[in-house]
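Here is the structure we will look at, set down as C-alpha cells.
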Amino acid sequence: MTVSRWLHSVAEGLASGVAQAGVLDANPVPRSWRHVTKLDPEPAKRLPLCYPAYLAHTDAVSVGGSTGVTPTTTEDTFRLLEFASPPAIHEPSAPTHVTDRTLSESAFLAVPEVLNGTSEALVGTLGEGIAALREDLIAARLDRHLPGWLSGRLTPHVAPLLSAHVLNRALFEAYIIQNPESAAAREAGVTAADVLSPTEARHRALAADAHLESEVVYVEYSGTYGGEAATEVIEAVAPELNWARLWYGGGLRTCEQVRAVRDAGADAVVVGDVFHEIAEAETDLYRRLEGAFDGEPTLDRIETWLDDAVAVADTAAAQYLSTTPVDAPVHRARTLLATSLLIRRTLDPVLAADASPARAARNLDAAIDDESLSRSFLSALAEGTQENGSGLPVTHLPVR
Ligand code: 1GP
C-alpha cells in the first residue's frame with residue numbers, strides 16, 4: 001500500500017469513527033424534538049376543535065394509524081395540518097396512503113421497521129412500499145407529465161432513481177413493540193413471546209443504530225404506559241445509540257411519566273390517544289353546556305361554567321398538555337376547552353343554515369384572542385361546517 005492510500009484509508013476510518021461516536025450529528029431528525037404528537041387519520045379518532053392551539057406545544061406531528069385509514073382520510077389530516085405550526089411526519093401503514101399531497105406536505109416519510117415482529121414487518125412491507133412508490137406513484141406521475149413517446153422510454157430508468165431519492169430522504173423508525181395487545185403488535189405479528197428483555201432490546205437497538213442506520217429507535221407501548229419495564233428497556237438502549245434518536249410512546253398522560261422516560265434516556269416522547277380523547281371530552285361537555293345559558297355565552301362565562309361542571313385537571317385536555325412543556329397546563333386546558341365550546345356554539349347556526357360562515361368566522365375572530373387560532377383557520381373551519389362547504393374536512397373534528 002502506498003503512503004497516500006494508507007493515509008486515505010486512515011482518514012476514512014477516522015471520519016466513520018467520528019460519525020459513529022456522534023461527534024458529527026448528521027441525523028436529519030432534530031435532537032431538539034422532545035415531544036411528538038401522533039395523529040390517527042381514522043375519522044372516528046377526531047381532533048380537538050382548537051387543534052392548532054394544542055399542537056403549538058408539540059415539536060412534530062406524526063400522521064399514521066393501523067386501522068380505518070385510507071388515502072382520503074390521510075390527505076384530509078394533512079389538509080387540517082396546514083393550520084398547525086409543527087412539521088409533519090407521514091408514517092403510512094399501506095403504500096397506497098402515500099400520495100403526491102402527503103409527500104409534498106410532510107417533512108419526512110417515515111418507514112417503520114419492526115425489530116421484534118415478523119420478517120414481513122421488517123423487510124416485506126418495505127419492499128412492497130418501494131415497489132408501489134416506483135411503479136404506481138412515481139411512474140404514474142411521470143406518465144402524466146411526459147408525452148407518451150418519451151415516458152415509455154424514460155420512465156423505466158427514471159422511476160427507480162426518483163424513488164431512491166424519496167427513500168434517501170425518508171426516516172427509518174426501528175420499532176421495539178412491547179405491548180402485544182396493541183393494534184401495532186397485531187399488524188406486525190408481535191406476540192407476548194416477542195416482547196424483549198432489556199438486554200435483547202439493547203442488542204437489536206445496536207443493530208438498528210450501527211448497521212441499519214435507522215434514524216429513530218422507537219420503544220412502543222402504544223395504548224398503555226410501560227412503567228418500570230419500559231424505563232429499564234430505555235436505560236439499556238440509550239447509551240448504545242450514536243446515530244439514532246430514542247423515542248418512547250405509549251399511554252403517557254402525566255408530566256411524571258414523561259419525566260421518568262426522559263430521565264431513563266429517551267430523546268423524545270410520542271403522545272397519541274389522549275390527544276384524540278380531547279375531542280370526545282369536547283362533545284361530552286358541549287351536551288352538558290346546552291341549555292346552561294340564556295343568550296350568547298362569552299368565553300369568560302363558559303370558563304366559569306366549566307369550573308363547576310368538571311375537574312379540568314382530570315380532563316384529556318389537561319393530561320395531554322401536561323405531557324408538553326407548556327406552563328400551567330391545567331389553566332391552558334381550561335382556556336382551550338372553553339374556546340372549543342364557544343367555537344362549537346358559534347358554528348351551530350352555520351350547521352343549521354341560519355348563519356353564514358363568514359359571519360360566524362367574524363364573530364369568532366372578535367371573541368378569540370389566541371395567535372395559534374388565526375382568522376384564516378376560523379374561516380376555513382366555518383366554511384367546512386356549512387353543508388357542501390369547501391373549507392376544512394370537519395368530519396375529523398367534533399362539530400356535530
Ligand atoms: C402510538 O406510541 C404512540 O404509536 C402513542 O401511544 O396512543 O398510547 O399515546 P398512545
Side-chain angles (χ1 to χ4, degrees), residues 29 33-42 44-48 51 54-55 57-69 74 77 86 88-94 97 108 110-117 121 125 171-188 190 195 201 214 216-227 229-231 233-234 237 245-262 264 266-281 315-324 329:
V29 178
W33 284 2
R34 307 278 285 149
H35 188 280
V36 177
T37 300
K38 184 100 124 192
L39 284 193
D40 194 325
E42 182 185 351
K45 296 200 174 169
R46 296 186 294 181
L47 281 65
Y51 67 90
Y54 287 97
L55 296 178
H57 305 295
T58 195
D59 295 310
V61 177
S62 177
V63 176
S66 303
T67 44
V69 182
T74 307
T77 304
I89 301 167
H90 183 205
E91 194 182 43
S93 50
H97 301 167
F108 292 108
V111 182
E113 35 189 12
V114 182
L115 298 182
N116 58 334
T125 316
L171 122 75
F172 285 79
E173 292 176 328
Y175 271 86
I176 296 172
I177 298 183
Q178 297 288 81
N179 174 10
E181 304 302 323
S182 63
R186 269 196 306 283
E187 295 282 316
V190 173
V195 171
S214 315
V216 171
V217 171
Y218 192 140
V219 177
E220 170 69 294
Y221 276 81
S222 181
T224 186
Y225 177 57
T231 51
V233 166
I234 295 168
V237 168
R245 308 290 181 234
L246 180 53
W247 290 4
Y248 168 86
L252 292 171
R253 284 169 189 273
T254 68
C255 61
E256 289 78 16
Q257 292 167 338
V258 169
R259 196 174 310 127
V261 295
R262 287 238 181 84
D267 292 304
V269 294
V270 187
V271 180
D273 281 352
V274 75
F275 184 73
H276 291 292
E277 286 171 25
I278 302 172
E280 290 167 31
T315 61
Q319 291 175 349
Y320 169 78
L321 288 165
S322 307
T323 68
T324 77

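In listed order, ligands and their atoms are each counted from 1. This chain uses plain numbering: 1 for the first residue, then up along the sequence.
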> Nearest to atom 6 (O) of ligand 1 by heavy atom, G65, S62, A184, G250: which?
Replying inline: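 Minimum heavy-atom distance to atom 6 (O) of ligand 1 goes to G250.
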>> Counting only heavy atoms, tell me which of V219, I177, D273 gets closest to atom 7 (O) of ligand 1.
In response: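 The option holding the nearest heavy atom is D273.
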Should you measure from each heavy atom of [X], which atoms of ligand 1 turn up under 4.0 Å away?
X: G249; answer: 2 (O)
X: K38; answer: 1 (C), 4 (O)
X: G251; answer: 8 (O), 9 (O), 10 (P)

> Under 4.0 angstrom from ligand 1, any heavy atom of F275?
Replying inline: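 No heavy atom of F275 comes that close to ligand 1.
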> Would you say V270 touches ligand 1, if touching means a heavy atom closer than 4.0 Å?
Replying inline: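 The answer is yes: ligand 1 sits under 4.0 Å from a heavy atom of V270.
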> Between D267 (side chain) and L246 (backbone), is there a donor-acceptor pair under 3.5 Å?
Replying inline: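 Yes; judged by distance alone, with no hydrogens or angles, the pair exists.
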>> Using modelled atom types and a 3.5 Å cut-off, is there a donor and acceptor pairing between side-chain atoms of R262 and backbone atoms of R34?
In response: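 Such a contact is found between R262 side chain and R34 backbone.
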Do [X] and [Y] touch side chain to side chain, with heavy atoms closer than 4.5 Å?
X: T74; Y: V69; answer: yes
X: V237; Y: Y248; answer: no
X: E277; Y: R253; answer: yes

Closest non-hydrogen protein atom to [atom], residue and atom name please, with distance?
atom: atom 4 (O) of ligand 1; answer: E220 OE2, 2.5 Å
atom: atom 9 (O) of ligand 1; answer: G272 N, 2.8 Å
atom: atom 3 (C) of ligand 1; answer: Y218 OH, 3.3 Å

> Who are the ring pair (Phe, Tyr, Trp, His ring centres under 6.0 Å) partners of H90, not counting sequence neighbours?
Replying inline: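 Once residues adjacent in sequence are excluded, the partners of H90 under the ring pair (Phe, Tyr, Trp, His ring centres under 6.0 Å) criterion are F78.
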>> Applying the side chain to side chain contact (heavy atoms under 4.5 Å, CB included) criterion to I234, which one of V261, I176, V217 satisfies it?
In response: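 Only match with I234 under side chain to side chain contact (heavy atoms under 4.5 Å, CB included): V261.
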